[in-house]
Amino acid sequence: MGPGRRAVRCDHPLPADRGWDLESLFNAEQDAPGRSATRWGGFLHDAAEFDAGFFGLSPREALATDAQQRLLLQTAWEALERAGIDPASLRGSATGVFAGLMYSDYRDLLTGPEFDGFRGNGSAPSIASGRVSYVFGLEGPAVTVDTACSSSLVALHWAAQALQDGECSLALAGGVTVMATPHTFTEFSRQAACPRWPVPVVLRLRRGDGWSRAWAAGAGAALGCAAAGS
């Protein structure tokens with residue numbers, strides 16, 4: 001592995017818990033319409049697991065809420081807990097939330113009338129950071145960033161900048177990716193951008209020279225605070 005590179009394995013099979021027709025989805029021919037030329041990637045296999053009552057959501061609202069928003073709530077809580085901060089103690093504080101998020105295909109699954117009233121907020125990326133702020137009672141900036149694959153990095157950069165500029169006293173920054181549909185696989189298969197076998201993803205940290213060779217999902221959050229100066 002050369003300098004400036006880091007390898008990450010993305011050899012998990014396509015998830016079986018998202019309602020995808022895995023048998024008909026795969027086709028090794030990359031020009032097959034509506035098909036994926038790969039069966040592999042990096043996935044959160046229990047992304048739908050969520051304690052709705054813990055975060056004050058009704059079962060109906062939780063079902064209508066994108067797993068990405070639910071995971072941001074969970075990882076935000078975990079970040080505060082691991083930092084030794086009682087989340088309740090931040091209510092009313094100038095704590096900012098900066099979230100990187102690029103997918104919004106969960107809304108494609110919300111076709112029934114039971115989702116009326118929750119569909120917009122539940123699947124809009126712009127709501128993701130605001131939902132964390134609302135649930136935790138935070139009153140700092142709430143920003144959702146979509147710069148595709150660099151969304152989390154940009155969110156972290158903006159959080160650091162907001163702390164330096166005094167826009168917030170504490171900042172939660174991170175990102176989340178959960179593919180609710182296989183559209184990314186079918187689209188990039190047609191562009192011959194998906195591998196046909198499991199491979200390590202090579203991230204070129206010094207040069208941004210194109211898409212990585214496999215797709216991965218994940219969620220995470222970091223906590224930062226402003227340093228006091230003399």
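Since we're looking at a predicted model, the values are computed, not measured.
The distance from atom CG of L72 to atom CG of D66, rounded to the nearest 0.5 Å, is 9.5 Å. Atoms CG and OG, from D146 and S126 in turn, are 11.0 Å apart once rounded to the nearest 0.5 Å. Here the OG1-CD distance, from T95 to E139, works out to 9.5 Å after rounding to the nearest 0.5 Å. Between the OG1 atom in T184 and the OH atom in Y103 there is a gap of 3.5 Å [rounded to 0.5 Å]. Put simply, CH2 on W20 and CZ on F26 are 14.5 Å apart, with the number rounded to the nearest 0.5 Å. Taking CD of Q68 as the reference point, atom CE of M102 lies at 9.5 Å (rounded to 0.5 Å).
Put simply, the side chain of R107 never gets that close to the backbone of G120: no donor and acceptor are under 3.5 Å apart. Checked by atom type and distance alone, the side chain of S129 never pairs as donor or acceptor with a backbone atom of A99 at under 3.5 Å. Between the side chain of R18 and the main chain of M179, a donor-acceptor pair closer than 3.5 Å is present. Between the N27 side chain and the A32 main chain, no donor and acceptor come within less than 3.5 Å of each other. No side-chain donor-acceptor contact under 3.5 Å links D165 to the backbone of E167. At least one donor-acceptor pair closer than 3.5 Å links the side chain of S189 to the backbone N or O of A37.
Between T181 and the choices T186, D108, D105, the side chain to side chain donor-acceptor pair (under 3.5 Å) rule is met once, by D105. Of the options L14, D17, T177, a side-chain contact (heavy atoms from CB on, under 4.5 Å) to F43 is made by L14 and by none of the others.
F115 belongs to a hydrophobic cluster whose remaining members, ordered by chain and number, are L63, Y106, L109, L110; membership requires side-chain heavy atoms of ILVMFWY residues under 4.5 Å apart, directly or through intermediates.
L153 and L163 fall into different hydrophobic clusters, where Ile, Leu, Val, Met, Phe, Trp and Tyr are joined by side-chain heavy atoms under 4.5 Å apart, directly or via other members. The cluster map of Ile, Leu, Val, Met, Phe, Trp and Tyr, joined by side-chain heavy atoms under 4.5 Å apart, puts V154 and L156 in different clusters. In this structure, W158 is not a member of the same hydrophobic cluster as V132, with clusters built from ILVMFWY side-chain heavy atoms closer than 4.5 Å. Under the 4.5 Å side-chain contact rule for hydrophobic residues, L101 and V145 do not share a cluster.
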Candidate pair S93 and L138, rule side-chain contact (heavy atoms from CB on, under 4.5 Å), full reasoning = CA-CA 6 Å; S93 69; L138 311 178; 4.2 Å; yes
Would V97 and V143 satisfy side-chain contact (heavy atoms from CB on, under 4.5 Å), going step by step from the backbone distance to the final call?
-> CA-CA 6 Å; V97 178; V143 181; over 6 Å; no
Do L90 and L170 pass the side-chain contact (heavy atoms from CB on, under 4.5 Å) test, and can you show the C-alpha distance, the side-chain angles, and the key distance before you say yes or no?
-> CA-CA 9 Å; L90 295 180; L170 195 69; 3.8 Å; yes
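Pairs passing the ring-ring contact (aromatic ring centres under 6.0 Å, His included) check and including a residue from residues 48-71, sequence neighbours excluded, read F50-F55, F54-W77. Listed by first then second residue, pairs satisfying salt bridge (Lys or Arg N to Asp or Glu O under 4.0 Å) with a partner in residues 109-131 read E61-R131, D116-R119, not counting sequence neighbours.
Residues A162 and F98 share a closest heavy-atom pair of CB-CZ, 3.6 Å. The two atoms that bring A159 and A173 nearest to each other are CB-CB, 3.7 Å, heavy atoms only. Closest heavy-atom contact between G34 and L25: O-CD1, 4.2 Å. Considering all non-hydrogen atoms of both residues, P125 and S123 come closest at CD-O, 3.4 Å. In this structure, S36 and F185 approach most closely via the heavy-atom pair OG-CB, 3.6 Å. Contact detail for A67 and A47: the closest heavy-atom pair is CB-O, 3.8 Å.
The side-chain heavy atoms of R190 and P33, taken from C-beta on, include a pair separated by under 4.5 Å. Looking only at side-chain heavy atoms (C-beta outward), V178 and L71 come within less than 4.5 Å of each other.
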